[in-house]
Every structure is written in structure tokens, then in C-alpha cells.
Trainee: 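Please read through the structure below; I'll follow up with questions.
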Number of protein chains: 2
Amino acid sequence: MTSGRRVRLVDVAREAGTSVSTVSRVLNGSEQISFEVRNHVRSVAARLGYRADGAAKELKLGRVRTVGVTVPDLANPFFPEVLKGLGAGARGAGYRLLISESGEDPDEELRLAEELTSHASALVLCSSRLRPKHLTKILDGPIPVVCVNRTAEQAGVVCVDYRSGSRQLLDHLATLGHRRIAYVGGPPASWSDGQRRRTLRTLTRKMGMRLEEITGGWSGDHGYAAGPEVLATGATAVITFNDLVAIGLLSWLHDTGVEVPGAVSVTSYDDIPVAAYARPPLTSLRNQRAQLGRLAWGHLSARLAGDQWPPPVMLTPTLTVRASTGRPPADGGPDTR
Amino acid sequence: MTSGRRVRLVDVAREAGTSVSTVSRVLNGSEQISFEVRNHVRSVAARLGYRADGAAKELKLGRVRTVGVTVPDLANPFFPEVLKGLGAGARGAGYRLLISESGEDPDEELRLAEELTSHASALVLCSSRLRPKHLTKILDGPIPVVCVNRTAEQAGVVCVDYRSGSRQLLDHLATLGHRRIAYVGGPPASWSDGQRRRTLRTLTRKMGMRLEEITGGWSGDHGYAAGPEVLATGATAVITFNDLVAIGLLSWLHDTGVEVPGAVSVTSYDDIPVAAYARPPLTSLRNQRAQLGRLAWGHLSARLAGDQWPPPVMLTPTLTVRASTGRPPADGGPDTR
DNA sequence: CCGATCCGTGCAAACGTTTGCAGGGAACTG
DNA sequence: CAGTTCCCTGCAAACGTTTGCACGGATCGG
């Protein structure tokens, strides 16, 4: 029964015996059409299964009610939750989300962003891995851009305050008595990884701790693979780029018979839901992801309304202490036990 | 430097001293424009930062190179991985993905699907929670629809074979000696939950086992909350709706001091990456999610090329046995140990 | 040197929708 | 009953792009 041809406004009009404009008005809820005609047109439209052509509508109206979004990796629960917040706000204002995943590839992200520029009325770059030059190019484009978890000029900026977060992690570990810390890093192109690294370096030096930096990544497999190197450093506490990496590392430590937190403490950023269900439950930095998304929409809607960008927002994460962190083993710290 | 006005074809033409059609031809790579003009127009377009208006282009071309996708919950890693496969295929053919999340709400899913119908050239419904009546309505719409993990007439169908999967789970548990099984179910509107329930009921009866059905859900919290009820059934093995639920349940069992698999075995569907990192690692049914997405695109592209729908595809999952399943306790089964 | 050929470019129509403007008829007022 | 008002509806232009068609100039052969 599905007709090959798409049913247009003119088809409805002909069938209903009215003009195109009348149909258009009825379907857009105009009050100035008589009651009978309104009902009649509505029923005809319904019977024919009329659906407005999005492209034509947007062309005429000159607005595209679509927000393009790029994320490095949808499989990291961090991003879907940001998208939930963003989507809720956007939907409330009649905007859709056009979500694309770059697969952690900066070049692919550039392609996607350029693509989206011609199909969306605004752009949200989540944890952008773009090189600065390319980021500037996108920001110079015709549509407003919000960066989540990355700072930039000429853009809306909504970030987790990883400086504060890193400080909280180190304070927690220092209080427990740890002095030798390993950091299992994230993707090289990650801005937030850079933030954390710099902060960790500065603070460990200042606090008289020792920091070992280890190549990591963004997934559980990366964490598992980093296991041997972590152990080799002799660190008593490990901070990982995110919870997925931490969970992978926990798994390796378990398989290898290293006790957590008995022999080594593990902690991380993000506090995604499964962190609470890890064995042992993971000490992690909770950030308000949905709030991050809502704020991103807030910035965007202000800008779309013609205002200037609101000042950058930094959301301070809060440390959720669970069982994966504890005092260092007797020979690894100052405690005598 | 960002000009408020969007730069159009006519702006480039005026600046380059040519006509609109010439610019259009150059930018679309037509061969029939002289070399010099081509270069000149290109450079002018680049200088002005011209970006084609997507809406106008699509209107004129009459095709929307966009595939709308609905998923119940992006936070379940199952879906992002399907999207990866789908997106890869679609991108290769010059299509974009327009992803929407229904939040497990059938009404919201209906709204989204209708929305998408006017903005996309095809639809992919992942694990649709739509009521049959509404599903039919969408299928009767003007654009082709693929259902992932749900069967339907007049649509492309790509499913995991949960019948076979459920059989494998039961066989595995039966071989270990279990006789009393609990099933922690999924969302009421889930088609795949229905499939599993029916199969589990039929097979347990046939195999002389006892099945207890428990209300569950789709997230870790649902699994955690189901803990007491699971324990009350006295079942020696639990099957859960998905791995997130299983991980939540594992966590409750651990908190409560119930040994897994010593006192009760736990197993589930999907085998998402974290399943391997659960404590104990989860016995689960691996399904090829990316392949599911690729096949969905395969069906769609065949249909978009004008062919009929390919016959429905059922992907058989394979059981990945890990440490969360074992023999039942001595008093719980026929084995004497 | 004139006519035919061919290549490069411009003109204008069309895609499906919205909306300002105008026109026609009914109702109401004087 | 004529004039005015007001409500409802239709006409046509416009949004930015693509593309069939036509046209003008250069090139070439006879």
C-alpha cells in the first residue's frame, strides 16, 4: 500500500478541493481558517499520510533546527549521558540532535564537523580531538560552536574542571599515604588528558610525590594492556584516564593476583555507572554529565537568540570514595601498621 | 570575523564575476568549466568560506542522504556498537546518521519516528518498543524502515536469534546441573524480552526445569534492585535481560555475601565489553553487534536501490563461558559432589 | 572567407514549502 | 437597500540550489 511517490502539499490540496496555502495554514495550526475546512483538510491529510518535506520547510523558513554533535566514542558511557542532557534541552526548544562519532580520529572528526556545518544550525564538539588549527577553522565557520571538555576562543565552553579533580585525587591518595603514583594516560589528542597530566605533574612535584606516566588509551582493553607497565613502576596508586581504562586494569590486576587496594590502589575520572559495580567498586571522580549537556544547550540557545557567548563554565567534580583505594602496603609508604 | 550572513552561491558568483550556475558546476566538480575559471571560483569560494545550504541542496536533489535511527537507551553499550556498524556502511555510501534516543518510552519513540520520517530517507528502529499499532503506522509511512531486534512485515529485519541464545543458556545451565532458574526480565515493551520469555518457558517445561520470572529492567540499578526477589525464589541460576542488569545483580549478591557461582550462577545476554571485566567475569551470549549494524545497512541500501527487502536475517549468538556460572550448591541440584 | 562544429558560460525553471497581499462574499450598520 | 467591515481563502513570490537548454565566440575545414 506504500505508494512510491511522496505525497505533497499540492496533493492534499487537490484532494481536499482547496488551495495549497489553505492546507499549509491548517497544518501549521493557523487560527484563521474556518472550522469545517480545518477538519476536512486534516482528515484528508491524515488519510493520504501527508508528511511535510523537511528540506523544503527548512529552506523556506531559513532555519535548520538541528544541532550537530560529534563525540569521539559512543561506547564510552560518558558521552551518551552528556547527549541525554543536551538532547533534553534541545528537544524542548524544537531542535534535533544530529550525532556523529569520530572513532577517536582527528581527521574523521574534521570531516564530520565540516559536513555538519552545512546541515546544522549549531555544532557541539564533545571532547574534541581536533588539532588547534582545524578547530580554529571550524570555529571560523558560519554556525556557532560549543566545546564540551575543551577550551576555545570564539566558542561556548563547558568543561569539567579536571585541575580541581586531579587535585582531589592526589589529596585523597596523599592522605592515605601514597607517594608513588602512576598515571595511565588517554588518547594523545585529548585536551582533557593534557589538562590532567599538567596538573598531576605540577602537584606531585609540589607535594613531594613521584609520578610515572604510562601510555594508555580510552577503553578497557587499553587498561588491561597497561597492566604490566603499571606494575613495573612500583607505584602504590594508579590514576587512569577514565573508568573504562580503570576497569580493564582492575581486571588485569585480578588475573595477575595483585590485590586491590592491598598492593595497589586504583582510581579514575568520570564515575560512570559501572564504576560502582566494578570489583572492587571504583573510587572515581563524579562529574555531572547530564548537567554538562544541559549547560551546553544553555550556552547554545543564548547564542542562537543573538546574545554573546556566556562565560565558560567549569563544573567541579566530586570524589566518590569506594573500595578500590586504601593505604599503601607497609613497605610502600610511611605508615607502619 | 564571523559575518552574520550566510554566504550563498550568488555571493560567490558576484565576487568571482561569474554566474551562479558556473559556481555551482565548479563546486560540484563538473568537467566542463575551463581550468582558469575553475581555480578562480574555487579560491573565491574558499576565501568567502562558502558552505552549501543543506536544505536547499536536498530540496532540489530530492534526496536526503540521511538515515534516521532510534534507540531506547544510548547508555547501553549494545546500541553504540550497532551504530558503529550501521554508520560505517552508511558513511561509505554518503549517508549520515540522525540518531535519536527514546529513553525507553514508546510514546517518545513514536514522536521521534514521525519526526524522522520527514527528515530522513530511511529509518532504522533499534529494539523498537513501539506498540504494534504504532509500528504499523510507521511502516506504512513513505520511507523504508529496518527493524533491528524486532520482526515486522513490510520492513527489513535484522535480529539476534534469542531463541537459539536462550536454548544455549539453558543447555549450559542444565549441563552444570541446575534445575531451578530465575529470569530477571527486561522492559515490558521489549520484543526481545518477549522472545526470551517464551523460549525460556517452553524449554524449561520441556527440560523439566523450573522457571521463576522476575520484574527487572535494562540498567544496573534494576539488577541491583531485583536482588532480594532473586534470592527469595531459591533458584540456583539466574538469567538476566542484559549484562548491565547482570552486573547490577552481581553487585547486590556481593554486597549481600552470596557467592557467585558458589551459591548462585549468573548469566546473561549480549556480552558487552565490560562483561569480561565483571567480578566474577560474566558468562554471556556474545552477539555480533557491529555486524548487526552492517547488515541493517545492507538491507537498507538494497531497498534504497529499488530492490525488495532481503529476507530477514537472524544472527546466532555464541555462548562465552566465564566464571560467573558453575555447578549448583550440593543441596540445590541432583549432583552429589 | 564563409559555414559548421564545439566548447564554455549564462538564463531560467523547478524542487515543496510559507506567507504577504489582495479579493470575494457574508454579515452588519445606518 | 447600499456601504462598510471583517472573515476566509487563493494567488504568487521567495528561500538557495541544480540543470536542461540556448547562445556566443573561437576554431577549423572546405
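Computed from heavy atoms alone, side chains included, the values below leave out hydrogens, waters and symmetry copies. In what follows, chains are A, B, ... by sequence order, proteins preceding strands, each numbered from 1.
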Trainee: Rounded to whole Å, how long is the line connecting atom CD of A/E58 with atom P of D/dT17?
Mentor: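 Computing the A/E58:CD to D/dT17:P distance gives 14 Å.
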Trainee: Measure all distances between protein nitrogen or oxygen atoms and nitrogen or oxygen atoms of nucleotides 6-13 of chain D, and list the pairs falling under 3.5 Å.
Mentor:
unit_1	atom_1	unit_2	atom_2	d
D/dT9	OP1	A/S34	OG	3.0
D/dT9	OP2	A/S34	N	2.8
D/dG10	OP2	A/S19	N	3.0
D/dG10	OP2	A/S19	OG	3.1
D/dG10	OP2	A/T22	OG1	2.4
D/dG10	N7	A/R25	NH2	3.2
D/dG10	O6	A/R25	NH2	2.5
D/dC11	N4	A/S21	OG	3.0

Trainee: Take atom CG of B/L59 and atom C1' of C/dT17, then tell me their distance rounded to the nearest Å.
Mentor: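 Answer to the nearest Å: 8 Å.
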Trainee: I want to check one thing: is the phosphate of D/dT17, taken as OP1 and OP2, less than 4.0 Å away from some side-chain N or O of B/S24?
Mentor: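 False: B/S24 side-chain N/O out of range (4.0 Å or more) of D/dT17 OP1/OP2.
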Trainee: I'd like to know whether B/D53 forms a salt bridge (charged side-chain N to carboxylate O under 4.0 Å, His left out) with B/K60, so could you lay out the CA-CA distance, the side-chain angles of the two residues, the decisive distance to 0.1 Å, and finally the verdict.
Mentor: CA-CA 11 Å; B/D53 179 290; B/K60 181 60 189 158; over 6 Å; no
Trainee: Expressed in angstrom and rounded to an integer, what is the separation of A/R8 atom CZ from C/dT18 atom P?
Mentor: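 From A/R8 CZ to C/dT18 P: 14 Å.
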Trainee: Between the two ends of the helix from C/dC1-D/dG30 to C/dG30-D/dC1, what is the bend in degrees, rounded to 10 degrees, where each end axis spans five pairs?
Mentor: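 Overall, the helix from C/dC1-D/dG30 to C/dG30-D/dC1 bends by 60° from one end axis to the other.
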Trainee: Between A/E101 and A/T70, do the side chains contain a donor N or O and an acceptor N or O under 3.5 Å apart?
Mentor: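 Looking only at side-chain atoms, A/E101 and A/T70 do not form any donor-acceptor pair under 3.5 Å.
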Trainee: Please give, in whole Å, the distance from C/dT19 C1' to A/L9 CG?
Mentor: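 So the two atoms are 13 Å apart, to the nearest Å.
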Trainee: Check whether any side-chain nitrogen or oxygen of B/K57 sits under 4.0 Å from OP1 or OP2 of D/dT18, and answer yes or no.
Mentor: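 B/K57 to D/dT18 OP1/OP2: side-chain N or O found under 4.0 Å.
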Trainee: Rounding to an integer number of Å, can you tell me how far B/N28 CG sits from C/dT9 P?
Mentor: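 Going from CG in B/N28 over to P in C/dT9 covers 16 Å.
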Trainee: Roughly how far apart are A/R91 CZ and A/L86 CG, rounded to 0.5 Å?
Mentor: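 So the gap between those two atoms works out to 10.0 Å.
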Trainee: For B/T66 and B/R96, which I'm curious about, is there any donor-acceptor pair between the side chains at under 3.5 Å?
Mentor: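 Result is yes, a qualifying pair exists.
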Trainee: Can you name the closest pair of heavy atoms from A/L300 and A/A122 and give their distance?
Mentor: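 Closest pair (atom of A/L300, atom of A/A122, distance): CD2-CB, 3.7 Å.
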Trainee: Do A/D107 and A/R129 sit within salt-bridge range, that is, some charged N less than 4.0 Å from a carboxylate O?
Mentor: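 No, no charged N to carboxylate O under 4.0 Å.
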Trainee: I would like to know whether B/V69 and B/C126 meet side-chain contact (heavy atoms from CB on, under 4.5 Å); could you show each step before the answer?
Mentor: CA-CA 7 Å; B/V69 191; B/C126 293; 4.1 Å; yes
Trainee: Figure out the CZ/P separation between A/R65 and C/dT18, and round it to whole Å.
Mentor: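 Computing the A/R65:CZ to C/dT18:P distance gives 14 Å.
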Trainee: Under a 4.5 Å cut-off applied to non-hydrogen side-chain atoms, are B/Y50 and B/L9 in contact?
Mentor: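 Yes, close enough: below the 4.5 Å cut-off.
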Trainee: Tell me, with the steps shown, if B/D11 and B/R8 meet salt bridge (charged side-chain N to carboxylate O under 4.0 Å, His left out).
Mentor: CA-CA 5 Å; B/D11 301 317; B/R8 300 158 305 163; 3.3 Å; yes
Trainee: Which parts of residues 43-55 of chain B get close to DNA chain C, meaning a heavy atom less than 4.0 angstrom away?
Mentor: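 Going residue by residue through residues 43-55 of chain B, none turns out to have a heavy atom under 4.0 Å of DNA chain C.
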Trainee: Of all the heavy-atom pairs spanning B/F78 and B/N149, show the shortest one and how long it is.
Mentor: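 Answer, listing the atom of B/F78 first, then B/N149: CZ-ND2, 3.5 Å.
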Trainee: Going by atom types only, do B/S19 and B/T22 share a side-chain donor-acceptor pair under 3.5 Å?
Mentor: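 Present: a donor and an acceptor within the cut-off.
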